[in-house]
Amino acid sequence: QLHLVESGGGLVQPGGSLRLSCAASGYTLNGYAIGWFRQAPGKEREGVSCISSSGLSTNYADSVKGRFTISRDNAKNTVYLQMNSLKSEDTAVYFCAAGGYCSGYVPWNIGSWGQGTQVTVSS
């Protein structure tokens, strides 16, 4: 069974950067589209970005386009989310998920979720 573990969250000032990692164990990430989601307090979980299994296709929600970059290293079984120019509204728990393919900026047919990592943007 595919297990996903997120890391890299923390407290950062507005305008700062963080890089989140989504590492897989128990199975290879190869062949899966991987998406990042986030959930702020009192709000529904929302899609942020998705990367195809090959890594050749990436998509982003409008709210993060131009600031976030998703990438993957299949040799390391890890997907990354580089977050720059962070804003207070980016504060949320960030989750990664594995699916069959990207449908826009969310993966389709999600089979596995990570447990989440907290990102707090505050001065």
Side-chain angles (χ1 to χ4, degrees):
Q1 185 176 356
L2 182 63
H3 292 281
L4 302 175
V5 178
E6 302 93 338
S7 62
L11 173 64
V12 63
Q13 292 186 343
S17 298
L18 282 175
R19 188 177 78 158
L20 305 183
S21 298
C22 173
S25 63
Y27 209 74
T28 178
L29 280 180
N30 294 356
Y32 290 95
I34 304 296
W36 284 97
F37 293 77
R38 66 187 181 185
Q39 187 166 19
K43 294 187 177 182
E44 293 187 356
R45 190 172 298 189
E46 62 176 1
V48 173
S49 182
C50 188
I51 187 167
S52 64
S53 58
S54 67
L56 294 179
S57 177
T58 58
N59 296 284
Y60 301 91
D62 286 344
S63 58
V64 306
K65 200 171 294 183
R67 300 187 298 121
F68 290 11
T69 303
I70 191 170
S71 62
R72 67 190 298 157
D73 186 337
N74 284 343
K76 294 184 178 180
N77 228 20
T78 302
V79 171
Y80 305 97
L81 186 68
Q82 178 67 43
M83 306 186 297
N84 298 329
S85 302
L86 283 162
K87 307 174 182 180
S88 58
E89 51 263 45
D90 295 318
T91 296
V93 178
Y94 283 71
F95 302 86
C96 63
Y101 60 90
C102 293
S103 177
Y105 53 83
V106 296
W108 182 254
N109 196 25
I110 293 173
S112 299
W113 288 90
Q115 83 292 345
T117 185
Q118 176 70 47
V119 171
T120 303
V121 184
S122 175
S123 56

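Checked against ring pair (Phe, Tyr, Trp, His ring centres under 6.0 Å), Y94 has no partners two or more places apart in sequence or in another chain. Listed by chain and residue number, D62 satisfy the side-chain hydrogen bond (donor to acceptor under 3.5 Å, both in side chains) test with K65 (two or more places apart in sequence, or in another chain). Take N84 and apply the side-chain hydrogen bond (donor to acceptor under 3.5 Å, both in side chains) test, not counting sequence neighbours, and it matches S17, Q82. In this structure, S103 has no side-chain hydrogen bond (donor to acceptor under 3.5 Å, both in side chains) partners at least two apart in sequence or on a different chain. Residues satisfying the side-chain hydrogen bond (donor to acceptor under 3.5 Å, both in side chains) criterion with T58, sequence neighbours excluded, are absent altogether.
The two residues C96 and I34 come nearest to each other via the heavy atoms CB-CG2, 4.4 Å. A pairwise comparison of heavy atoms in P14 and S122 identifies CD-C, 3.6 Å as the closest pair. Taking both residues in full, the closest heavy atoms of Y32 and A98 are given as CD2-CB, 3.9 Å, listed atom of the first, atom of the second, then distance. Nearest heavy atom pair, residue L86 against residue M83, reads CD2-CB, 3.8 Å. Nearest heavy atom pair, residue A61 against residue G47, reads CB-O, 3.7 Å.
Judged by distance alone, with hydrogens and angles left aside, the side-chain atoms of S53 form no donor-acceptor pair with the main-chain N or O of G31 at under 3.5 Å. The closest donor-acceptor contact from the side chain of T91 to the backbone of T120 lies at 3.5 Å or more, if one exists at all. Distance alone, capped at 3.5 Å, is enough to place a donor-acceptor pair between the E6 side chain and the G116 backbone. Looking only at distances, no side-chain donor or acceptor of S21 sits under 3.5 Å from a matching main-chain atom of A23.
Taking CG of L81 as the reference point, atom CG of L18 lies at 10.0 Å (rounded to 0.5 Å). Rounded to the nearest 0.5 angstrom, Q115 CD and H3 NE2 are separated by 12.0 Å.
When side chains are defined from C-beta on, N77 does not count as touching Y27, because their heavy atoms never get closer than 4.5 Å. At a threshold of 4.5 Å between non-hydrogen side-chain atoms, the residues V48 and Y105 do not count as touching. Using a 4.5 Å heavy-atom threshold, the side chains of S63 and R38 count as touching. Looking at heavy atoms from C-beta onward, L29 lies in side-chain contact with R72 at the 4.5 angstrom threshold. With a 4.5 Å cut-off on side-chain heavy atoms, V119 and L20 count as touching. A 4.5 Å side-chain heavy-atom check between D73 and Y80 finds at least one atom pair inside the cut-off. Using a 4.5 Å heavy-atom cutoff, the side chains of V106 and C50 are not in contact.
W108 and I70 fall into different hydrophobic clusters, where Ile, Leu, Val, Met, Phe, Trp and Tyr residues are linked whenever their side-chain heavy atoms come under 4.5 Å apart, directly or through other members. L4 and F95 are members of different hydrophobic clusters when ILVMFWY side chains are connected at heavy-atom separations under 4.5 Å.
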Test log, rule side-chain contact (heavy atoms from CB on, under 4.5 Å), inputs C102 and N59: CA-CA 8 Å; C102 293; N59 296 284; 4.3 Å; yes

Please report the C-alpha distance between R67 and D90 in whole Å, then the side-chain angles of each, then the deciding distance to 0.1 Å, and finally whether the side-chain contact (heavy atoms from CB on, under 4.5 Å) criterion is met.
-> CA-CA 11 Å; R67 300 187 298 121; D90 295 318; 2.7 Å; yes

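For E89, the CD atom sits in a packed shell: over 12 heavy atoms of surrounding residues, nucleotides or ligands are nearer than 6.0 Å.
Legend: ring pair (Phe, Tyr, Trp, His ring centres under 6.0 Å) pairs involving residues 34-63, not counting sequence neighbours, sorted by first then second residue: F37-W113.
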